[in-house]
S.K.: 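Handing you this structure, nothing more for now.
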Amino acid sequence: MIASTYQLINTADELRTAIAELNQHPAVGFDTETTSLDPYAGRLRLVQLAAPDGRVFVIDLDRFAAGDAHKAESLAPLRALLAAPRPVKVAHNAKFDAKWTKHQLGGELGGLFDTLLASQIVSAGETDDRHGLDVVVARYLDETLDKAERLSDWSGELSAAQLEYAARDAVVLLPLREKLIERLKRDALLKCAALEFDCVLPVAALELAGIFLDEHRWREQLVRVEKRRAELARELQAMLAEGAQQGMLFAEARTDINLDSHTQLTAALKRLGVPLPDSTRNWKLQPLAKDYPVIAKLLEYRTVQKSLTSYGENILEEINPVTKRIHANFHQIGAPTGRMACTSPNVQQIPHEYEYRRCFTAPPGRKLVIADYSQIELRILAHVTEDQGFIEAFNSGADLHRVTAAQVFNVPLEQVTKEQRDFAKRLNFGVVYGIGAQRFSMLTGLSLTEAETIMARYFQTYRALDAWLRAAAQRAVRERSARTLSGRLARFNFDPEDRQAVSLVQRNGKNMPIQGASADILKRALRLLHDKLRATTACVVNVIHDEIVVEADASVAAEIAKLVEDAMCAAGAEYVKKVPVKVETQVADEWVK
DNA sequence: AGGGCGAGCCAC
DNA sequence: AAACGTGGCTCGCCCT
């Protein structure tokens with residue numbers, strides 16, 4: 001049990017003294033309590049700062065009312081401490097505190113150590129590990145932390161239990177940091193941690209900014225899809241009812257089935273005499289579609305139904321009533337590869353179709369700058385494998401897929417057909433995922449033998465690539481782990497006797513360093529960009545793995561586009577040195593390329 | 001009633 | 001049946 005004593009800070013004098021004391025230390029524990037999870041809905045109530053000796057200063061911001069200019073001014077020492085690189089502020093999920101600090105205290109955080117991100121980095125993709133503060137404290141400090149007060153009411157008179165909880169959450173952070181630094185050092189993860197910590201403010205700013213969705217346009221699209229769905233449902237019900245209707249006097253007596261229930265569907269299709277496979281899964285039904293119109297109708301219905309439930313009214317409910325924008329939740333370390341993930345809603349999976357994307361617009365007077373890396377994973381592959389064929393293709397500015405096609409089909413470059421280029425493209429992308437001949441033949445419609453021949457030619461053409469992939473697969477099994485260019489680690493737990501598990505690890509060993517390096521580069525770009533955009537009114541509004549969407553004043557959109565491109569290219573060049581990194585940028589009114 | 005899970009499908 | 005990697009969302013179904 002870590003001893004802690006807390007002192008409530010209610011006056012400007014007390015605050016000055018406390019901040020002066022805290023400024024002596026290299027690092028302080030930092031936590032906040034708020035009256036809501038949404039910085040646009042609630043208010044920042046407490047700021048807790050912990051010293052290494054276990055003393056915690058609990059600052060009650062209700063005593064420093066925002067409306068009172070004198071009292072607001074008296075918070076200046078706090079703002080200065082939070083903004084300074086030293087002392088390092090140690091927080092668990094610093095993104096949360098950064099958002100409130102920026103929005104309600106009007107200052108940016110500097111010098112961060114995030115115990116949540118550190119814990120995730122040390123876990124190295126172990127999906128069973130949880131990373132709540134209580135869990136992490138139990139794992140590294142062997143202590144129990146009671147989170148019962150976390151969601152209590154922080155708006156009124158605070159109880160002793162609440163204040164003790166607030167203080168305790170802050171006091172554990174410094175010892176936790178010590179343990180995590182040991183682990184980061186042991187596994188050579190300090191560089192990766194620095195990359196992640198540098199990305200906290202950009203992600204906080206991204207969430208705070210949100211993305212604008214034209215509600216009217218979205219509803220219009222919804223009405224169109226809903227009409228189509230109703231039409232398809234009606235037709236489908238009629239077709240399915242035919243079997244059940246025999247002997248029935250009144251057609252209207254028929255009861256509709258639940259079209260989304262596979263049990264009811266199976267029964268109805270059986271009545272119609274459709275030779276059903278053992279399930280109603282789409283890929284099983286597909287071959288029947290040409291002989292049975294009811295199956296074709298069902299597949300069409302499912303497509304429309306899917307887009308209606310996933311991209312319907314629900315996303316509009318995420319529009320913030322205050323900002324009228326969507327503030328999604330970005331998980332900075334969302335995947336073991338280091339990729340980000342996104343929820344509530346997942347704005348990284350909006351359908352690519354024009355009808356959907358055009359609803360994400362720039363507000364009046366603004367423009368969207370849409371910038372994405374050109375073939376970043378293949379460029380990373382060229383860099384890490386040092387394959388001369390790949391490197392030369394990229395350095396010469398030639399079309400890599402066309403060059404590949406010429407090699408594997410043994411034809412002159414200018415005689416490559418569109419189909420051949422398409423095969424080569426699928427192969428180039430598939431290689432990153434550890435594709436096999438079986439899958440490649442399935443994807444292209446080639447026979448297994450043809451697929452095998454082409455893949456053999458492919459790896460003869462790109463010998464260094466082949467060697468690297470084999471080595472990466474072996475290393476992953478041998479060391480039970482893989483790393484990216486930033487040193488990010490992914491551990492693989494598997495049973496060496498389980499052939500399927502081993503083969504998955506082999507594919508992961510090939511893929512993780514490539515996909516992960518792409519994530520590293522994007523995070524570095526977000527940091528560089530954040531620094532460049534600080535003095536402007538532009539803001540990052542979405543990030544989708546190799547794409548950054550920025551909203552900027554229309555009058556300066558072209559200059560902002562240049563900043564975005566420069567930051568992304570510079571980040572890429574820090575990691576990828578053997579080939580150029582290219583970024584394609586567009587300025588538009590809608591999120592459409 | 002509500003959590004867990006698989007199926008299906010969206011993004012990269 | 002399974003199938004190249006990483007995610008999230010929604011549904012029905014199954015279990016408690």
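The chains referred to below are lettered A, B, ... by the order of the sequence lines, with proteins before strands, and numbering in each begins at 1. Remember, it's a predicted structure, so these values are computed and weren't measured experimentally.
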S.K.: Please work out if A/R357 contacts a base, only the sugar-phosphate, or nothing of the nucleic acid, heavy-atom cut-off 4.0 Å.
M.R.: sugar-phosphate
S.K.: Provide the distance between the two P atoms, one in C/dC4 and one in B/dC5, to the nearest whole Å.
M.R.: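 Straight-line distance between the two P atoms is 25 Å.
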S.K.: Relative to the ring of A/F390, is the ring of A/Y462 parallel (under 30°), tilted (30 to 60°) or perpendicular (over 60°)?
M.R.: perpendicular
S.K.: Contact class for A/G436 vs. all strands (heavy atom < 4.0 Å): base, sugar-phosphate, or nothing?
M.R.: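 A/G436: backbone/sugar contact only, no base atoms under 4.0 Å.
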S.K.: Under a 4.0 Å heavy-atom cut-off, which of residues 474-500 of chain A touch DNA chain C?
M.R.: A/Q500
S.K.: With respect to the side chain of A/T343, which nucleotide from C/dG8, C/dT6, B/dC12 is positioned closest?
M.R.: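 Given the options C/dG8, C/dT6, B/dC12, the side chain of A/T343 is closest to C/dG8.
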S.K.: One thing to verify: whether A/R229 and A/E226 come together as a salt bridge, which I'm taking to mean a side-chain N less than 4.0 angstrom from a carboxylate O.
M.R.: yes
S.K.: Would you please classify the geometry between the A/F429 ring and the A/H401 ring as parallel, tilted or perpendicular, with 30° and 60° separating the classes?
M.R.: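 Answer is tilted, since the angle falls between 30° and 60°.
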S.K.: Any salt bridge linking A/D422 with A/R426? Criterion: basic side-chain nitrogen under 4.0 Å from a carboxylate oxygen.
M.R.: yes
S.K.: B/dA11 C1' sits how many Å from A/M340 CE, rounded?
M.R.: 14 Å
S.K.: Provide, to the nearest angstrom, the distance between the CZ atom belonging to A/F330 and the C1' atom belonging to B/dC12.
M.R.: 13 Å
S.K.: Round to a whole Å and report the spacing from CD1 of A/I333 to C1' of C/dG8.
M.R.: 18 Å
S.K.: Could you tell me whether A/K324 and A/E215 make a salt bridge, using a distance below 4.0 angstrom between a side-chain N and a carboxylate O?
M.R.: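 A/E215 and A/K324: not salt-bridged.
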S.K.: Which is true for A/I376 with a 4.0 Å heavy-atom rule: it touches a base, it touches only sugar-phosphate, or it touches nothing?
M.R.: nothing
S.K.: Base, sugar-phosphate, or nothing: which does A/S344 touch, judged by heavy atoms less than 4.0 Å apart?
M.R.: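 Sugar-phosphate only.
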S.K.: Between C1' on C/dC11 and CG on A/N314, what's the gap in Å once rounded to a whole number?
M.R.: 12 Å
S.K.: Is any side-chain N of the basic residue among A/R234 and A/E231 closer than 4.0 Å to the acidic one's carboxylate O?
M.R.: no
S.K.: Short of 4.0 Å, heavy atom to strand atom, which residues of residues 346-354 of chain A count as contacting DNA chain B?
M.R.: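 Result for residues 346-354 of chain A: A/Q348, A/Q349, A/I350, A/P351, A/H352, sorted by number.
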S.K.: Could you check which of B/dC10, B/dC12, C/dC4 has an atom nearest any side-chain atom of A/Y311?
M.R.: B/dC10
S.K.: Heavy-atom count check: over 12 atoms from other residues, nucleotides or ligands less than 6.0 Å from A/R463 CZ?
M.R.: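 No, because the 6.0 Å sphere around CZ of A/R463 holds 12 heavy atoms or fewer from other groups.
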S.K.: Tell me the interatomic distance from A/I514, atom CD1, to B/dC12, atom P, rounded to whole angstroms.
M.R.: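 Spelled out: CD1 on A/I514 to P on B/dC12 is 20 Å.
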S.K.: Salt bridge or not between A/D187 and A/R491? Use side-chain N to carboxylate O under 4.0 Å.
M.R.: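 Result for this pair is yes, salt bridge flagged.
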S.K.: If I take atom CD in residue A/E377 and atom C1' in nucleotide C/dC4, what distance separates them, rounded to the nearest angstrom?
M.R.: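 One finds 12 Å between C1' of C/dC4 and CD of A/E377, rounded.
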S.K.: Report the distance from atom CD of A/E547 to atom P of C/dT6, rounded to the nearest whole Å.
M.R.: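 Rounded to whole Å, this separation is 22 Å.
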S.K.: Sort me out a list of protein N/O and nucleotides 2-6 of chain B N/O pairs below 3.5 Å, or just none if empty.
M.R.:
none

S.K.: Please determine whether a side-chain nitrogen of the Lys or Arg among A/R358 and A/D214 lies less than 4.0 Å from a carboxylate oxygen of the Asp or Glu.
M.R.: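 No.
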S.K.: Among the nucleotides C/dT6, C/dG5, B/dC12, which one has an atom lying closest to any side-chain atom of A/I544?
M.R.: B/dC12
S.K.: Using a 6.0 Å distance limit plus a 45 degree cone around the ring axis, check whether A/R507 lies over the aromatic ring of A/Y433.
M.R.: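 Judged by the rule (NZ or CZ under 6.0 Å from the ring centre, within 45° of its axis), A/R507 is not positioned above A/Y433.
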S.K.: Identify, between A/S310 and A/V431, the residue whose nearest nucleotide on DNA chain C lies closer to the 5' end.
M.R.: A/V431
S.K.: How long is the line joining CG of A/D546 and P of C/dG5, in whole Å?
M.R.: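 It works out to 19 Å between those atoms.
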S.K.: Among A/K523, A/R339, A/K95, exactly one meets side chain to side chain contact (heavy atoms under 4.5 Å, CB included) together with A/Q332. Which residue is that?
M.R.: A/K523
S.K.: Got a salt bridge between A/R325 and A/E551, using NZ or NE/NH1/NH2 to carboxylate O under 4.0 Å?
M.R.: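 Yes, this pair counts.
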S.K.: Within the structure, does a side-chain N or O atom of A/R339 lie under 4.0 Å from either OP1 or OP2 of C/dG7?
M.R.: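 Indeed not, no polar side-chain atom of A/R339 lies that close.
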S.K.: Classify the angle between the aromatic ring planes of A/Y356 and A/W218 as parallel (below 30°), tilted (30 to 60°) or perpendicular (above 60°).
M.R.: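 If you compare the ring of A/Y356 with that of A/W218, the planes turn out perpendicular.
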S.K.: Using a cut-off of less than 4.0 Å, is there contact between a side-chain N or O of A/N508 and OP1 or OP2 of C/dC4?
M.R.: no
